[in-house]
Amino acid sequence: MKALSLVLKEMALEKRDIILSVIFGFLAGVTAVALFASSGYLISKAALVPPFYTLTILIAVVKILGFARAFGRYLERYFSHRATFAILSNLRVSFFEKLEPIAPTIFQKYRSGDLLARVVGDIDRLQHFFLRVFYPPVLLVFIFLATILFTTMFSIYIALTLLVGLLLTGFVVPVWFAYQQRKVDYKLREERGALSTETTEFLYGFRDLKINQKLERKRDALEQSSQTYVNEQQRQGNVEMFNQSLNLMVTLLISWFVVAIGALLVIDGELQGVYLAMIIMISLTVFENAPPMAVVPIYLQDSSVAASRLTTVVKEEQLPSVERTTQTLPNEALSIRIEDVSFTFPNEKRPSIDHMHMHIPEGAKVAIVGPSGSGKSTLLQLLLKFHQQDKGTIYINNYATDDIAATDIWSKAKVVLQENHFFYGTIRDNLLIAKEEATDAELKRALERVFLQHLALDQQVLEKGENLSGGEKQRLAIARAMIKQGRLWLLDEPTSSVDLLTERTIYNYIFQQAQEDTVILISHRLVGLEKMDHIIVMDQGEIVESGTFRELMDQQGYFYEMKQIEQSVLV
Ligand SMILES: Nc1ncnc2c1ncn2[C@@H]1O[C@H](COP(=O)(O)OP(=O)(O)OP(=O)(O)O)[C@@H](O)[C@H]1O
């Protein structure tokens with residue numbers, strides 16, 4: 001329930017629409033009661049053949065009330081739905097704002113299907129909190145109190161019966177439902193999460209499953225998961241229907257009581273017979289506001305779990321460093337200093353970076369090499385604040401990265417990762433994410449430099465760049481980095497799928513453009529590293545050798561051996 005404070009905070013921003021919807025909802029509810037009450041009175045009065053003008057006035061009142069009811073209902077719907085959509089939009093924005101800085105870390109803990117279910121499904125479910133949890137009880141209490149107050153003018157017993165009806169349908173029965181609902185609800189949510197996860201895995205892994213002939217098995221599991229979810233939905237639907245029917249039955253029983261008490265009062269002469277029909281109509285109409293109460297506990301439980309699923313994601317993963325950012329990086333070549341940094345991925349035993357020290361002066365061109373799994377990419381990720389080191393400090397231009405906003409580092413770095421994402425759209429759209437204001441000429445020049453001049457800017461790119469080859473994707477990512485502003489190049493095996501000749505020419509362009517910039521290049525291939533100012537050799541999260549190409553070759557150590565092996569393979 002505490003998690004719901006998140007929704008209440010966003011609701012407070014829309015208090016104007018909320019107050020207006022309550023006012024018009026109250027108007028609609030009270031005029032509905034008054035409309036039916038006056039109709040009942042009109043019928044009874046007409047039977048007594050009153051003067052013609054009495055009937056005319058009563059008919060006019062009925063008409064005005066009918067109009068006021070429709071008017072109130074329309075405005076109530078208008079303001080309540082406007083408030084709901086605004087709350088939903090506020091929730092989405094505030095959740096994404098919290099999620100964004102921790103996005104890289106989050107995939108350590110949540111599978112993408114689960115995260116998707118939370119980001120889309122759970123936020124959507126919170127739309128019910130205002131409309132179905134907060135709003136109905138407020139309205140019910142106001143309308144009932146006004147009606148009860150009115151009926152006390154005719155009989156205190158009838159007013160008390162209506163009060164009992166309010167307590168039963170508004171609170172006792174719903175609380176009992178809530179108790180029943182708990183078990184069903186938990187299971188439904190579990191099944192929904194499982195289905196979402198299974199579906200995402202199925203879609204992402206479709207090709208591999210097909211190649212390995214495991215598609216049928218996965219499809220069966222997906223169908224099974226879908227069927228279980230449908231069954232749970234059906235169960236929840238049954239419980240919901242039963243709850244609503246039971247609540248309706250209680251309201252009808254109360255109305256019967258009102259009829260019986262009213263009849264007795266008329267017999268005893270304590271109530272004029274002409275008011276009996278009116279009282280019955282009041283009772284039947286006022287309880288029209290009670291059925292939504294039957295589902296209040298369901299939606300309260302639903303909203304509370306949805307809110308806590310969302311807050312768990314953003315709370316648990318909050319990185320302490322994200323908060324206190326006091327320094328801004330300049331728009332110039334940046335230096336990097338790493339002091340005694342260690343980092344172990346969550347749930348891993350072996351550190352990926354182990355007590356590392358490193359200094360890269362501004363404008364230096366540094367290559368990091370080493371066997372697979374030696375921690376090269378992890379080091380880049382720490383520099384980009386995708387993860388927070390467990391120990392030690394990373395300085396960029398003598399500012400500890402803890403004091404620099406991750407977004408500041410991202411905006412000053414030209415990054416090409418091993419896997420780069422491409423969006424559904426055109427080549428132009430995919431390049432412009434690096435620099436919105438780039439001209440077509442600028443984009444074309446970048447494409448030429450990476451030998452992608454055959455791609456038109458308007459050419460369609462499918463989801464995840466499906467219609468581009470591995471090498472084309474890498475070159476497009478490099479073109480994106482070339483266009484982007486920034487004086488720090490972080491390149492993680494940017495040309496591993498590109499042929500040697502093209503690779504060499506692309507590097508020439510990069511070094512030409514990055515003459516004054518700092519470049520960190522992670523590379524598996526050891527050819528062409530002669531140009532680098534410094535080469536760092538990593539193994540098992542540590543630096544095992546470092547120096548210029550010549551120094552390392554003369555040293556005849558690790559790098560020299562790797563180079564010999566590479567040469568023998570290439571020959
Ligand atoms: N997300 C992760 N969760 C847990 N462990 C990880 C994760 N990413 C990497 N590791 C581990 O960290 C270690 C270093 O990985 P890293 O990707 O930095 O190596 P690398 O030198 O870049 O390898 P490669 O050259 O193959 O890209 C490896 O042992 C790897 O298993």
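We count ligands from 1, going down the list as the structure has it; atoms in each ligand are counted the same way.
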More than 12 heavy atoms of other residues, nucleotides or ligands under 6.0 Å from NZ of Lys531: is that the case?
yes
Closer than 4.0 angstrom: is that true for some heavy atom of Met538 and an atom of ligand 1?
no
Is there a heavy atom of Gly375 sitting under 4.0 angstrom from any atom of ligand 1?
yes
Considering the heavy atoms of Gln418, write down every atom of ligand 1 situated less than 4.0 Å from one of them.
27 (O)
Any donor and acceptor pair, going by atom type alone, linking the side chain of Trp489 with main-chain N or O of Thr518 inside 3.5 Å?
no
Decide whether the shortest distance between a heavy atom of Arg350 and an atom of ligand 1 is less than 4.0 Å.
yes
Part of His524 within contact of ligand 1 (heavy atoms, under 4.0 Å)
side chain
Provide the full list of side-chain hydrogen bond (donor to acceptor under 3.5 Å, both in side chains) pairs with a residue in residues 350-364, sequence neighbours left out, each pair given once.
Asp340-His355
Under a 3.5 Å cutoff, is there a donor and acceptor pairing between the side chains of Ser496 and Gln474?
yes
Option of least heavy-atom distance to atom 14 (C) of ligand 1 (set: Pro371, Ser496, Gly373):
Gly373
Atom pair CD1 (Ile409) and CZ (Phe386), whose distance is rounded to the nearest 0.5 Å:
10.0 Å
Hey, which atoms in ligand 1 end up nearer than 4.0 Å to a heavy atom of Ser374?
19 (O), 20 (P), 21 (O)
Would you list the pairs meeting ring-ring contact (aromatic ring centres under 6.0 Å, His included) in which at least one residue belongs to residues 527-556, sequence neighbours left out?
Phe549-Phe559
Taking the minimum heavy-atom distance to atom 11 (C) of ligand 1, which of Ser372, Ser352, Pro351 ranks first?
Ser352
For Thr378, take its heavy atoms, then give the atoms of ligand 1 lying under 4.0 Å from any of them.
14 (C), 15 (O), 16 (P), 18 (O)
Please assess Gln418 against Ser377 for the test side-chain hydrogen bond (donor to acceptor under 3.5 Å, both in side chains), listing each intermediate value before the final yes or no.
CA-CA 8 Å; Gln418 283 183 16; Ser377 304; 3.2 Å; yes
Indicate, as side chain, backbone, both or neither, the part of Glu348 found under 4.0 angstrom from ligand 1 when only non-hydrogen atoms are considered.
side chain
